[in-house]
There are 2 protein chains.
Amino acid sequence: MTNFPYPGKPVRGSKTGKPTMALFDLLGRRWAMGVLWQLCQGGACTFRELQSRCESISPAVLNSRIKDLRQGLLVEHTSDGYQPTELGQQLAALLLPFSEFAQVWATHLNEQNQATQKDADNECD
Amino acid sequence: MTNFPYPGKPVRGSKTGKPTMALFDLLGRRWAMGVLWQLCQGGACTFRELQSRCESISPAVLNSRIKDLRQGLLVEHTSDGYQPTELGQQLAALLLPFSEFAQVWATHLNEQNQATQKDADNECD
DNA sequence: TTGGATTGCTATGTTTTTGATAGCAGAGGG
DNA sequence: CCCTCTGCTATCAAAAACATAGCAATCCAA
């Protein structure tokens with residue numbers, strides 16, 4: 001149908017479609033992880049609410065990502081609106097540690113940038 | 001410098017640059033997770049070896065992703081070639097469960113497709 | 001010293017994907 | 001009927017990714 005990265009078919013990173021690579025292909029699309037994250041953090045919601053949670057996603061891309069995620073059985077559309085499937089929640093659970101890591105990561109980046117800044121300052125002596 | 005998603009600056013998913021969203025922005029770029037994965041699975045290697053491991057990445061994109069990952073302190077270039085940093089290994093560790101999940105995911109997708117196929121077959125009765 | 005072979009890219013032109021914005025059609029509710 | 005909310009699609013511009021060719025800087029043996 002579309003260009004969904006089906007395991008078993010050639011995907012980015014694997015001509016034989018290794019599931020891991022297929023998953024990376026799917027999640028490596030812009031906003032994919034963010035959309036799943038928002039749905040799992042904030043609970044089921046409407047298209048527009050989801051768009052709002054993402055702060056700056058365009059409807060075209062959101063729609064595209066929703067299609068991907070639905071086709072990937074990670075998100076479904078119910079009377080309550082869009083929500084993660086059981087499978088989607090499992091995946092989102094794996095994303096949780098990323099949040100914690102991101103804090104540490106941000107600290108390192110800050111330190112490094114401050115160091116760089118000091119170096120730059122010193123160069124001006 | 002480039003358009004690296006620095007935590008604290010506007011990134012996809014967060015105008016205030018929440019670290020989690022900044023990380024998603026970085027990892028949500030094509031090949032980002034795949035490159036990190038390959039480096040952590042196969043160990044340090046040269047640019048061309050890495051390109052080979054990725055099976056179908058173009059040098060331009062690989063170079064771009066390497067820049068991102070280096071700027072993100074996740075990958076470094078040593079005399080042994082490119083290799084993940086300590087921080088990069090921590091992140092890659094979080095990626096490991098994805099591989100297991102991907103197997104389950106692939107199974108579900110297959111089942112669903114077979115069901116769909118059967119439905120389609122039945123429609124032909 | 002010179003002719004490969006390897007490495008880390010850059011250059012170029014094309015195709016996809018995203019992004020920004022406008023707006024439409026259908027389902028309620030009043 | 002009018003208004004709002006919802007889930008999108010249409011359109012066009014910009015950015016990213018892709019495919020391919022090839023270059024400059026090692027390195028290394030002859």
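It should be emphasised that the depicted structure is a prediction, and the values quoted were computed from it without experimental measurement. The figures here come from the full heavy-atom set of this structure, side chains too, leaving out hydrogens, waters and symmetry mates.
- Shown here for A:Met33 and B:Met33, the closest heavy-atom pair between the two residues is CE-CE, 4.3 Å.
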Let me have a per-nucleotide readout for nucleotides 24-30 of chain C, 5' to 3', with B, S or -, counting only protein heavy atoms under 4.0 Å. -------
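- For C:dT7, neither phosphate oxygen OP1 nor OP2 lies less than 4.0 angstrom from any side-chain nitrogen or oxygen of B:His77.
- Of all the heavy atoms in B:Arg53 and B:Gly42, the pair that sits closest is NH2-O, 3.1 Å.
- Heavy-atom minimum distance, B:Gly13 versus A:Ser56: N-OG, 4.3 Å.
- DNA chain C is contacted by A:Ser56, A:Ser58, A:Pro59, A:Val61, A:Arg65 of residues 49-70 of chain A, taking any non-hydrogen atom closer than 4.0 Å.
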Residue pair B:Leu50, B:Ile66: steps toward the side-chain contact (heavy atoms from CB on, under 4.5 Å) verdict: CA-CA 10 Å; B:Leu50 186 52; B:Ile66 284 178; 4.1 Å; yes
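- Judged as a side-chain contact (heavy atoms from CB on, under 4.5 Å), and not counting sequence neighbours, the contacts of A:Gln83 are A:Ala44, A:Glu76, A:Thr78, A:Asp80.
- Partners of B:Phe47 according to the ring-ring contact (aromatic ring centres under 6.0 Å, His included) rule, which considers only residues two or more places apart in sequence or in another chain, do not exist here.
- Under the 30°/60° scheme for interplanar angles, the aromatic rings of B:Trp37 and A:Phe24 are found to stand perpendicular.
- Listed by residue number, A:Arg30 are the residues of residues 16-45 of chain A with a heavy-atom contact under 4.0 Å to DNA chain D.
- The distance between atom CZ of A:Arg12 and atom P of D:dA17, rounded to the nearest whole Å, is 9 Å.
- Residue B:Thr46 has a polar side-chain atom (N or O) positioned under 4.0 Å from OP1 or OP2 of C:dG8.
- Taking the ring-ring contact (aromatic ring centres under 6.0 Å, His included) definition, one finds that B:Trp31 meets it with nothing, sequence neighbours left out.
- Among all heavy-atom pairs drawn from B:Pro84 and B:Gln89, the shortest one is O-NE2, 3.7 Å.
- Taking all atoms of both residues into account, the shortest heavy-atom contact from A:Val11 to A:Tyr6 is CG1-O, 3.8 Å.
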